[in-house]
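Within every chain, numbering begins at 1; the chains are lettered A, B, ... in the order of the sequence lines, protein sequences first and strands thereafter. Since this is a predicted model, take the numbers as computed values, not measurements. The figures here come from the full heavy-atom set of this structure, side chains too, leaving out hydrogens, waters and symmetry mates.
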Protein chains: 2
Amino acid sequence: MTPPLHLSLAGQAVDVLREQVLTGKIPPGSRVNEVEVAQQLGISRGPLREAIRHLASERLLVLVPHRGAFVPDAGADDVRALFELRTALECAAAELAASRRTDVDLVRLREVCAESRRNYRAGQPFPYRLDLAFHQALLDAARSPHIAEQVRLVQQRVVLLRSGLEDDPSHQQASMEDHDELVRAVEDGDAARASAVMRRHLSRVCAQMLASLGR
Amino acid sequence: MTPPLHLSLAGQAVDVLREQVLTGKIPPGSRVNEVEVAQQLGISRGPLREAIRHLASERLLVLVPHRGAFVPDAGADDVRALFELRTALECAAAELAASRRTDVDLVRLREVCAESRRNYRAGQPFPYRLDLAFHQALLDAARSPHIAEQVRLVQQRVVLLRSGLEDDPSHQQASMEDHDELVRAVEDGDAARASAVMRRHLSRVCAQMLASLGR
DNA sequence: AACATGTCAACTGTCGACAGTTGGCAGTCT
DNA sequence: AGACTGCCAACTGTCGACAGTTGACATGTT
């Protein structure tokens, strides 16, 4: 099975490496040794290099000439700067969603909110998965593939920054209420309000992350 | 000089290829033959492949498994979708610039506007270069490296779409006036107005490109 | 004539090996 | 002791070659 069975070796390597980076299995600050990881994955250095460059293009790795690829470990400034970009993208998405959403989009959004609420009432910790699902549903409603793609990349970087941070239960309710209000604005087709709520929501999430980093 | 003299072979290949793609020397729709281009550049397929993947990550090429890399040729829908992303990013940049600009930023912005006006009065065609310079100056004033980076990538894709399109002189004055008004809003620190003017400006530019494509 | 099938050249995906660079370590000098 | 110099191992950058896939052309079939 030397040739691409279903996905090229490079493509498979991208998936495996991304997983390992995002879950913190390869901790921030550490280096990715080409020969070592290549043997580990059972592939040659060529495809692995392509995978590394790909993840570098997603900013999940940083390349240093003649030194190799490193998992970036970010400070507070990076978090702030990254959330500036995320806010720009997701506020635009919220506006578009408010003006383009269909009934199916609303059903989906309400569904995610309902699941979050069930989860909350059951005393379960608010899984980050549900937060991602909500934002994804909003992006679907916005129907802007390019914006959606960029948001996906940014969220991925946020996940990387979050690796090693535990969910803070105290902010679950606030996030849920933000989501609910966002859905109402989108329902009303109120683009300006949707944008404003999203901005406040992300500002809150950013502040929480900064607080978690500080500890 | 087998080793990286100042930049790796892959890096050099990226620059050369990007130039050739953006100037239309490699026309949209055409394929990039690895062995052919590699010989042409006097390098091996390895570094060239990395360059191709890099440009693909910038969306200047599209990869088709087992088929190779192609220069994308976009239709009207792509232009609209791309400008949605560009609007999201540059409106945010305009807001940030309005609240963060320093005096040096303003000097630079006025300078670019002045050169545009000199150019216009001299009856010269408005070079796209000056438009890029203006937007770059605004990004510098916004001081958001991540947003700036994304805008750079998007603008590059716009340049690719523009390849083969001539500058339309009839829109020079409108663009110049947009720029002037944008500078005034930034001077006043009026983020909302800066965002609104930017949105109108980009909407106009997008409409112009769609008109050019239609012909 | 239109369609299905077999064959083939061209190209991509992958691999292993070599060359050059980098950072660190031992040894030496001041 | 501290700083400097010269080596050395480890690793990245690059290359050439092989294997597998794809699309197209030629051939045969209905």
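- When the P atom of C/dT22 is taken as reference, atom NE2 of A/H66 falls 5 Å away, rounded to whole Å.
- Taking atom CZ on B/F70 and atom C1' on D/dT22, their separation rounds to 11 Å, with Å as the unit.
- Here A/D78 pairs with nothing under the salt bridge (Lys or Arg N to Asp or Glu O under 4.0 Å) rule; sequence neighbours left out.
- The stretch residues 35-57 of chain B touches DNA chain D through B/I43, B/S44, B/R45, B/P47, each having a heavy atom within less than 4.0 Å of the strand.
- Listed by first and then second residue, the side chain to side chain donor-acceptor pair (under 3.5 Å) pairs involving residues 41-52 of chain A are A/E34-A/R45, A/E34-A/R49, A/R49-B/E50, A/E50-B/R49, A/E50-B/R53 (not counting sequence neighbours).
- With sequence neighbours excluded, the residues satisfying side chain to side chain donor-acceptor pair (under 3.5 Å) with B/D105 are B/T102, B/R143.
- Taking the C1' atoms of five terminal pairs at each end of the helix from C/dA1-D/dT30 to C/dT30-D/dA1, the two resulting helix axes are inclined by 10°, rounded to 10°.
- Going from atom CZ of B/R31 over to atom C1' of D/dG23 covers 11 Å, rounded to whole Å.
- Looking at the side chain of B/S8, the nearest of the listed nucleotides C/dC11, D/dG13, D/dT12 is D/dG13.
- Side-chain contact between B/F70 and B/V32: absent, with no pair of heavy atoms (C-beta onward) separated by less than 4.5 Å.
- Scanning for salt bridge (Lys or Arg N to Asp or Glu O under 4.0 Å) contacts around A/R118 gives an empty result, with sequence neighbours left out.
- When the side chain to side chain donor-acceptor pair (under 3.5 Å) test is applied to A/R67, no partner is found at least two apart in sequence or on another chain.
- B/V32 comes within 4.0 angstrom of the backbone, heavy atoms only, and of no base.
- The interatomic distance linking B/L7 (CG) with D/dG13 (P) rounds to 11 Å, in whole Å.
- In terms of the salt bridge (Lys or Arg N to Asp or Glu O under 4.0 Å) criterion, residue partners of A/D77 (sequence neighbours excluded) are, by chain and number, A/R80.
- Listed nucleotides C/dT12, D/dT12, C/dT14 differ in distance to B/E34; the shortest reach to its side chain belongs to C/dT12.
- The side chain of B/R67 places no N or O atom within less than 4.0 Å of a non-bridging phosphate oxygen (OP1 or OP2) of C/dA10.
- Ionic pairing of A/R129 and A/E115 is present here: one or more N-O contacts between side-chain nitrogen and carboxylate oxygen are shorter than 4.0 angstrom.
- Under the salt bridge (Lys or Arg N to Asp or Glu O under 4.0 Å) criterion, A/R59 pairs with B/E149, not counting sequence neighbours.
- The side chain of B/N33 approaches C/dC11 more closely than any other nucleotide in the set C/dT22, D/dG13, C/dC11.
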